[in-house]
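Since the structure is predicted, the reported quantities are computational estimates derived from the model, not experimental observations. Throughout, a chain's letter reflects where its sequence line sits, starting with A, and its residues are numbered from 1.
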There are 2 protein chains.
Amino acid sequence: MVKKQSKKEIIIQEAAIIFKQKGYAATSMRELAEKVGMEAASLYNHIRSKDEILEEICFKVANQYVSHISSIEDTKESNIQKLRDLIQLHVRMIIADPNEVSVANNDWKNLSETKKELYKTIRKGYEKRIANLIKAGIEAGEFKDLNVSVALFTLLSSLRWIELWYKPGRDISPEQLENDLMTLLINGFQK
Amino acid sequence: MVKKQSKKEIIIQEAAIIFKQKGYAATSMRELAEKVGMEAASLYNHIRSKDEILEEICFKVANQYVSHISSIEDTKESNIQKLRDLIQLHVRMIIADPNEVSVANNDWKNLSETKKELYKTIRKGYEKRIANLIKAGIEAGEFKDLNVSVALFTLLSSLRWIELWYKPGRDISPEQLENDLMTLLINGFQK
DNA sequence: CCTACCGATCGGTAGG
DNA sequence: CCTACCGATCGGTAGG
């Protein structure tokens, strides 16, 4: 049962597609309006500004990542298993919403100054929690003795091609994708 | 001995810094002119267009990557060692030119239609050569039996945070950085 | 949701 | 390298 989308949701969804293709700054409201099937001026009956669309996308994605990491932290699993869960989380978030994840990752720079600071704060908080997971794994002797920043950013960065590459038609299933990613990354981390 | 830069080179260098910060589309020629210390109209005595700046940056970077990979392919080393050399190549290219590498990776979408196609062709050719290296490693029994696309893009993607993070003041040297990266990635690949 | 329209800013040119 | 300026396009508003 598909929930009926509001016009605002449709506008944001279409915007995410175009922003991903050409970037936020290079996309005009007239182009977006055409995709949605109305005049540019009419968009403003549903959204307040171009800015607002970007904000909704970026903070929706950021909040989703943050909200899921708590459940990983709270388990009593090994740090290796937590790392597996984290990789799975990222893969599934990207496959569920590739356009919005892509826009958040690439176009957050175009947020207004205050929103940009907020976004960076949220992201740093998220990174900090993963850094702690990595530290715990190193201290427990589960992970190799790596520089934490290098391990952290290599991990997060290594998952970012998926949002640009994966589509349902690929000759690899999400499960296979997760499996190969875990093989590559877990073996890099594990002592 | 530092070679004296032409005004055009200075303009492109400054442009790379601003494009990296705010993106190509969100940067105005007036802003660039101010950084360079002249009026916007005067820029056009040195460059033909805003487009041209982006083209110079993107193709300079692309050609550098391509020109270096031949020397890796031509050695008689193991595929593992070739992979190490490739990681080193990327790290050194990024440290040598973080702004331009970053712009090429993030703003190539803003190239004109024909230049964008050319850029994509060059990049695909580069990726194909690395894919062949990975295939050879798998067939030789040096690498794990991974999906080649997943291995390829995970490798390339995992190196892309460096251009955003690394600066001379970091508490980690380029050598340490290369070392930890190789530990992480080689152990992921190696059988 | 549309027509009509605004002020601001954009990349770029002419002419010196 | 600057002054003066152009046409085009931008995000957005008024009023219905």
Side-chain angles (χ1 to χ4, degrees), chain A residues 4-59 103-104 106-116 119, chain B residues 4-59 103-104 106-116 119:
Chain A
K4 192 166 176 292
Q5 283 182 305
S6 69
K7 262 282 147 60
K8 181 173 177 178
E9 286 169 334
I10 292 169
I11 289 169
I12 289 175
Q13 191 179 66
E14 287 298 320
I17 295 170
I18 313 182
F19 292 170
K20 182 182 179 181
Q21 280 168 12
K22 352 195 341 174
Y24 171 80
T27 303
S28 75
M29 294 302 274
R30 282 149 178 89
E31 190 180 352
L32 172 57
E34 199 187 357
K35 285 268 174 148
V36 175
M38 54 175 72
E39 293 300 315
S42 304
L43 291 172
Y44 293 87
N45 290 303
H46 305 285
I47 51 126
R48 272 192 295 277
S49 64
K50 191 186 177 189
D51 274 340
E52 194 205 6
I53 300 174
L54 184 61
E55 287 168 19
E56 295 243 357
I57 293 171
C58 290
F59 290 102
V103 170
N106 293 295
D107 275 327
W108 61 270
K109 279 182 247 174
N110 295 297
L111 287 167
S112 67
E113 213 53 51
T114 43
K115 295 289 181 180
K116 184 162 58 180
Y119 184 85
Chain B
K4 193 166 176 296
Q5 283 182 307
S6 69
K7 262 281 146 59
K8 181 172 178 178
E9 286 167 335
I10 291 169
I11 290 168
I12 290 174
Q13 192 180 67
E14 287 298 322
I17 295 170
I18 313 182
F19 292 170
K20 182 182 180 182
Q21 280 168 13
K22 354 198 334 177
Y24 171 80
T27 303
S28 75
M29 294 301 274
R30 281 151 178 87
E31 190 180 353
L32 172 57
E34 198 187 359
K35 285 268 174 149
V36 175
M38 55 174 73
E39 293 299 316
S42 304
L43 291 171
Y44 293 87
N45 290 302
H46 306 285
I47 49 125
R48 272 191 296 278
S49 63
K50 191 185 177 188
D51 274 339
E52 194 205 7
I53 300 174
L54 184 61
E55 286 167 21
E56 295 243 357
I57 293 171
C58 290
F59 289 102
V103 171
N106 293 295
D107 274 328
W108 61 269
K109 280 181 245 174
N110 295 297
L111 288 167
S112 67
E113 213 53 50
T114 43
K115 295 290 180 180
K116 185 163 58 181
Y119 184 85

Asks: Tell me, please, which residues at least two apart from B/E56 pass side chain to side chain contact (heavy atoms under 4.5 Å, CB included).
Replies: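 Here the qualifying residues are B/K8, B/I12, B/E52.
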
Asks: Checking ring-ring contact (aromatic ring centres under 6.0 Å, His included) against A/W108, which of A/Y119, A/Y24, A/F59 comes through?
Replies: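 Result for ring-ring contact (aromatic ring centres under 6.0 Å, His included) with A/W108: A/Y119.
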
Asks: Going by the ring-ring contact (aromatic ring centres under 6.0 Å, His included) test, which pairs reach into residues 25-51 of chain B, not counting sequence neighbours?
Replies: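 ring-ring contact (aromatic ring centres under 6.0 Å, His included) check on residues 25-51 of chain B returns no pairs.
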
Asks: As an exercise, state the distance from CD1 of A/I17 to CG of A/L32, rounded to the nearest 0.5 Å.
Replies: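 Interatomic distance, A/I17 CD1 to A/L32 CG, rounded to 0.5 Å: 10.0 Å.
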
Asks: Given a 3.5 Å cut-off on both pairing distances, which stems involving DNA chain D, each at least three consecutive Watson-Crick or G-U pairs, are present, if any?
Replies: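 Looking at DNA chain D, the stems formed by three or more consecutive pairs are C:1-16 with D:1-16.
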
Asks: Which pairs count as salt bridge (charged side-chain N to carboxylate O under 4.0 Å, His left out) when at least one residue sits in residues 10-20 of chain A, sequence neighbours excluded?
Replies: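 Residue pairs passing salt bridge (charged side-chain N to carboxylate O under 4.0 Å, His left out), neighbours aside: none found.
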
Asks: When rounded to the nearest 0.5 angstrom, what distance separates CD1 in B/I53 from CD1 in B/I47?
Replies: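 Going from the CD1 atom of B/I53 to the CD1 atom of B/I47 covers 4.0 Å.
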
Asks: Can you check each nucleotide of nucleotides 9-16 of chain D against protein heavy atoms at under 4.0 Å and return B for base, S for sugar-phosphate only, - for none, in 5' to 3' order?
Replies: -BBBB---

Asks: Under the salt bridge (charged side-chain N to carboxylate O under 4.0 Å, His left out) definition, can you give me all pairs with a residue in residues 25-47 of chain A, not counting sequence neighbours?
Replies: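 Matches after skipping sequence neighbours: A/K22-A/E31.
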
Asks: Could you give the distance from CG (A/D51) to CG (A/N110), rounded to the nearest 0.5 Å?
Replies: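 Nearest 0.5 Å value for the CG-CG distance: 9.0 Å.
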
Asks: Whole angstroms only, please: what is the CE-C1' distance between B/M38 and D/dT3?
Replies: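 To the nearest whole Å, that distance equals 16 Å.
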
